[in-house]
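Below is one structure, written out as structure tokens; the observations come after it.
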There are 2 protein chains.
Amino acid sequence: MTVVALKAQTAERVRGVAAMLEEEIVLGWLMPRERLIEEELAERLAVKRHVVREALAELERVGLVERVPNRGAFVKLLDPVEVRQIYLVREALETLAAEQISLSAPDELLLRLEEIQGAHSAAVASGDARAAFRANMAFHEALFAACGNPHLVELIQTMAQKVHGARSITAASAEHLSRARDEHFGMIEAIKAGDRDQLVALCRQHLGPSRDAYIAAVEPRFVRAKSTGA
Amino acid sequence: MTVVALKAQTAERVRGVAAMLEEEIVLGWLMPRERLIEEELAERLAVKRHVVREALAELERVGLVERVPNRGAFVKLLDPVEVRQIYLVREALETLAAEQISLSAPDELLLRLEEIQGAHSAAVASGDARAAFRANMAFHEALFAACGNPHLVELIQTMAQKVHGARSITAASAEHLSRARDEHFGMIEAIKAGDRDQLVALCRQHLGPSRDAYIAAVEPRFVRAKSTGA
DNA sequence: TTCGGCATAATTGTTGACAATCCTGTTGCC
DNA sequence: GGCAACAGGATTGTCAACAATTATGCCGAA
């Protein structure tokens, strides 16, 4: 318990910067098409340009930003077609995981989920979008980690990250947040009751709303853009 | 069609170096636990250290290499438990993809698959492990790309990469290579016949042998290592 | 006005030198 | 002989200057 966690090395700082930028994208602070200038970010986040550079590369791999050589990085605007494809895969992966969550000895899991959900509910009640986002991530990570296959969990997180750019629409919406809260409680109940079908069904339904909200918000623009020809 | 493809930028060179190292690992040139020294690789591959550095970071993300801060990178020795978990996920993903491959208008696909498989068969016949490996990758990429969901394809490739370190055992084995060749032809036939169940079954079976070979080869060592306590 | 070319500024890409860290073999002390 | 402290070398991590590229604004000519 020493307080000497100082001197983080580059790799960790890169993750930190990437996470920070990711949050700002999810919360709508950084909008699609917005330019991300290395030096500017470096100064704002109090790190060297080198670190920002790697963080941007990471976000590019994940699919949250786009980078063109010698021209820099932008927040990526997700194509609804892509979003649909990603959600299809997410559904398959999360269903697979939900089917493998052990329902026999879930005491520790339940405790942890309820604790996280407490934080989530509080964040929703107080309208703290950032805290809600973090608690939401933690909830899903804890839930799916219970499937026992870390590689599957990793894939689930990767795919979730990919559509984070599509979540600024729902991330601050009171309606969506409270719906998510209710569904989380439903999942906890399903685990308590040992009702696997219910759990799987809830996980699947849980994905729909934010996907649909994004597509409804963005599809018209895309159709227009394509018919306009640019 | 200008021949001016020169001046690749860092990002591409990184991919190149990573691919090179990956091949050397798969083919058993680089063995597990072997140290990967940045400067040494930089000289051998005629790139700057910086490029090697990023390539190693990438291979670490993928799971082929392990890196500890200030100590460098090693070829990762895969734990059989992990290998089993990864193959479980691979089975799910590849089944999912195989179920979505369109069997209605497969002419172009069949042509491409047969062309690639020609190369694969030739490589197997001549015992060229590297060419066989490349053709094998190309075959699976072309096959699964036909599922129409690029994000699913990406995931499949990611998971395949993860166990590349476990393939040095089968990558040069004539027995395994010819078995793979026969199974590839089987898949082509299944697509021709429009027999989806057969195609899915073949994809699933196709995964087993190399997994089992690795586990059989390595598990004893791991059991011993663990019971020995180190 | 509008267009093409040119100078300038803004930004990214690359490099090599330097600093920090860790392993190894050795010395000196108990 | 065994062990701790200590140099020396090998390797990785950090940085800031420099080079290369692209965008922008300006000017003059048709």
Side-chain angles (χ1 to χ4, degrees), chain A residues 2 4-21 24-25 30-77 230, chain B residues 2-18 20-21 24-25 30-77 230:
Chain A
T2 44
V4 222
L6 30 77
K7 267 206 296 188
Q9 250 178 342
T10 305
E12 308 173 43
R13 275 177 287 191
V14 166
R15 273 197 300 277
V17 170
M20 188 72 67
L21 293 175
E24 297 191 358
I25 291 172
L30 295 171
M31 296 293 284
R33 303 285 199 129
E34 185 164 349
R35 249 190 110 179
L36 302 172
I37 295 162
E38 294 178 358
E39 222 162 351
E40 192 178 299
L41 295 174
E43 192 181 8
R44 179 154 71 82
L45 302 176
V47 298
K48 302 290 169 192
R49 188 156 74 94
H50 192 246
V51 176
V52 174
R53 203 174 169 66
E54 278 192 56
L56 289 175
E58 175 138 354
L59 292 178
E60 183 191 29
R61 266 187 297 276
V62 172
L64 284 178
V65 313
E66 226 169 343
R67 266 175 115 207
V68 331
N70 295 317
R71 301 239 283 119
F74 318 76
V75 180
K76 187 174 171 189
L77 176 60
Chain B
T2 41
V3 203
V4 223
L6 30 79
K7 266 207 293 190
Q9 252 178 335
T10 305
E12 308 173 43
R13 274 176 287 188
V14 167
R15 275 198 298 277
V17 169
M20 189 73 66
L21 292 176
E24 296 191 358
I25 291 173
L30 294 171
M31 295 293 283
R33 302 286 199 129
E34 184 164 350
R35 248 191 112 182
L36 302 172
I37 295 163
E38 296 179 355
E39 222 162 350
E40 193 178 298
L41 295 174
E43 192 182 7
R44 178 154 71 84
L45 302 175
V47 296
K48 300 289 168 192
R49 188 157 72 94
H50 194 249
V51 175
V52 173
R53 204 174 169 63
E54 278 191 56
L56 289 176
E58 176 138 352
L59 291 179
E60 185 193 27
R61 246 172 267 125
V62 171
L64 284 177
V65 155
E66 225 169 344
R67 269 174 110 204
V68 333
N70 295 316
R71 299 241 279 117
F74 318 75
V75 179
K76 189 174 169 189
L77 178 59

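What you see below is based on every heavy atom in this structure, not just the backbone, and it leaves out hydrogens, waters and symmetry mates. Naming convention: chains lettered A, B, ... in sequence-line order (proteins, then strands); numbering from 1 in each chain. Since this is a predicted model, take the numbers as computed values, not measurements.
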If I compare all heavy atoms of [X] with all of [Y], which pair ends up nearest, and what's the gap?
{"X": "A:Ala18", "Y": "A:Ala55", "value": "N-CB, 3.9 Å"}
{"X": "B:Leu45", "Y": "B:Met20", "value": "CD2-CG, 4.0 Å"}
{"X": "A:Ala42", "Y": "A:Lys48", "value": "CB-C, 3.9 Å"}
{"X": "B:Gly63", "Y": "B:Lys76", "value": "O-CD, 3.5 Å"}

(request) State whether the side chain of B:Arg33 and the backbone N or O of B:Leu77 hold a donor-acceptor pair below 3.5 Å, judged by distance alone. (result) no

(request) For B:Glu34, look at atom CD and say whether over 12 heavy atoms of other residues, nucleotides or ligands are found less than 6.0 Å away. (result) yes

(request) For A:Gln9 and for A:Arg35, find the nucleotide of DNA chain D with the closest heavy atom, then tell me which residue's nucleotide is more 5'. (result) A:Gln9

(request) Evaluate the side-chain contact (heavy atoms from CB on, under 4.5 Å) criterion for residues A:Leu36 and A:Val52: first the C-alpha distance (whole Å), next the side-chain angles of each, then the deciding distance (0.1 Å), finally the verdict. (result) CA-CA 10 Å; A:Leu36 302 172; A:Val52 174; over 6 Å; no

What's the [atom1]-[atom2] distance between [X] and [N], to the nearest Å?
{"X": "B:Ile37", "N": "D:dG13", "atom1": "CD1", "atom2": "P", "value": "13 Å"}
{"X": "B:Glu39", "N": "D:dA10", "atom1": "CD", "atom2": "P", "value": "11 Å"}
{"X": "B:Glu38", "N": "C:dT15", "atom1": "CD", "atom2": "P", "value": "15 Å"}

(request) With the side chain counted from C-beta on, respond yes when A:Glu43 and A:Glu39 share a heavy-atom pair under 4.5 Å apart, and no when they do not. (result) no

(request) Would you classify A:Leu36 as touching base, sugar-phosphate or nothing, given that sugar-phosphate means primed atoms plus P, OP1 and OP2, and contacts are heavy atoms under 4.0 Å? (result) sugar-phosphate

(request) Please list residues of residues 43-54 of chain A whose heavy atoms come under 4.0 Å from any atom in DNA chain C, ordered by number; otherwise none. (result) A:Arg49, A:Arg53

(message) Please list, in numerical order, the residues of residues 63-75 of chain A that have a heavy atom closer than 4.0 Å to any atom of DNA chain D.
(response) A:Asn70, A:Arg71

